[in-house]
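One structure is given below, encoded as structure tokens.
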Amino acid sequence: AQKITQTQPGMFVQEKEAVTLDCTYDTSDQSYGLFWYKQPSSGEMIFLIYQGSYDEQNATEGRYSLNFQKARKSANLVISASQLGDSAMYFCAMREGNYGQNFVFGPGTRLSVLP
Amino acid sequence: AAGVIQSPRHLIKEKRETATLKCYPIPRHDTVYWYQQGPGQDPQFLISFYEKMQSDKGSIPDRFSAQQFSDYHSELNMSSLELGDSALYFCASSSDRGREKLFFGSGTQLSVL
């Protein structure tokens with residue numbers, strides 16, 4: 001079964017607007033971590049933001065914030081004030097358990113920022 | 001700051017040939033991962049090492065093998081290459097046995113002709 005679901009294969013957003021990329025996950029572990037990575041067309045995988053399952057506050061990193069709803073098992077990424085350089089694939093990922101051996105990715109969402 | 005270094009950046013091989021991909025993790029990171037990403041796919045976990053010992057295995061074909069050396073660099077060896085092995089291969093490293101975030105290298109783009 002798919003552990004990470006990203007229901008939006010593609011998204012468009014106008015420059016300077018905010019956008020939310022959806023991510024839901026499935027785990028029976030109490031301790032886990034949720035990550036978002038950005039993959040531009042050049043191919044590299046860039047870490048954006050991390051949320052631990054025991055973290056009470058939503059994570060924020062500059063223009064990125066993670067809307068963590070534990071009961072709903074969702075970890076949506078919010079990008080504020082979109083820039084043209086934000087156009088890329090975005091992957092939600094999860095580390096299950098206390099160690100990083102089980103680290104899986106979702107199918108990704110392709111974000112296109114329009115001028 | 002030092003990042004994960006992968007070499008080569010691009011590799012072109014023919015069917016049935018062998019390939020070796022190298023990965024140099026961030027200094028003091030204790031866990032190394034290998035991922036395969038096919039065109040338009042999400043990265044698929046192949047194998048991981050913790051402190052130079054294999055710790056977990058994913059969907060890695062029997063034709064592939066990997067190891068981590070005493071200096072912590074890792075190599076992914078691929079034999080009897082098939083067309084379907086064409087993909088972007090990522091190495092990632094993490095500290096604290098993978099509790100921390102994974103840092104990825106730039107990947108090796110393997111093309112099998």
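Residue numbers start from 1 in every chain, and the chains themselves are labelled A, B, ... in the order their sequence lines are given, proteins ahead of strands. Heavy atoms only: backbone and side chains are in, while hydrogens, waters and symmetry mates are out.
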- Message: Give the interface residues of residues 73-90 of chain B toward chain A, defined by a heavy-atom separation under 4.5 Å.
- Response: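 Within residues 73-90 of chain B, the residues that come under 4.5 Å of chain A (heavy atoms only) are B:Leu88, B:Phe90.
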Is it possible for you to say whether [X] and [Y] belong to one hydrophobic cluster, with membership spreading through side-chain heavy-atom contacts below 4.5 Å?
| X | Y | result |
| --- | --- | --- |
| A:Val78 | A:Phe68 | no |
| A:Ile79 | A:Met11 | yes |
| A:Leu48 | B:Ile26 | no |

- Task: For this output row, return yes or no: ring centroids of B:Tyr35 and A:Phe91 closer than 6.0 angstrom.
- Result: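 They do not qualify: ring centres at least 6.0 Å apart.
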- Task: Name all residues meeting the side chain to side chain contact (heavy atoms under 4.5 Å, CB included) criterion together with A:Gln69; count only those two or more places apart in sequence or in a different chain, and write none if there are none.
- Result: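 A:Gln69: side chain to side chain contact (heavy atoms under 4.5 Å, CB included) contacts with A:Asn67, A:Arg72, A:Ser74.
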[X] atom [atom1], neighbour heavy-atom count above 12 within 6.0 Å:
| X | atom1 | answer |
| --- | --- | --- |
| B:Asp71 | CG | yes |
| A:Leu114 | CG | yes |
| B:Lys13 | NZ | yes |
| A:Lys70 | NZ | yes |
| A:Phe12 | CZ | no |

- Message: Check the orientation of A:Phe47 and B:Phe103. Use parallel for under 30°, tilted for 30 to 60°, and perpendicular for over 60°.
- Response: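 Plane angle between 30° and 60°, so tilted.
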- Item | Check against ring-ring contact (aromatic ring centres under 6.0 Å, His included), B:Tyr33 and A:Phe105 | CA-CA 13 Å; B:Tyr33 306 78; A:Phe105 287 84; 9.9 Å; no
- Query: What is the minimum heavy-atom distance between B:Pro43 and A:Met45, and which atoms define it?
  - Reply: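 That would be CG-CE, 3.5 Å.
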- Note on the structure: Heavy atoms of B:Arg9 and A:Ser42 approach each other most closely as NH2-O, 3.4 Å
- Query: Can you tell me how far CZ of A:Phe103 sits from OG of B:Ser94, rounded to the nearest 0.5 angstrom?
  - Reply: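 Rounded to the nearest 0.5 Å, the OG-CZ separation comes to 8.0 Å.
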- So which part of B:Gln41 gets closer than 4.5 Å to some heavy atom of chain A, the side chain, the backbone, both or neither?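 B:Gln41 touches chain A through backbone heavy atoms alone.
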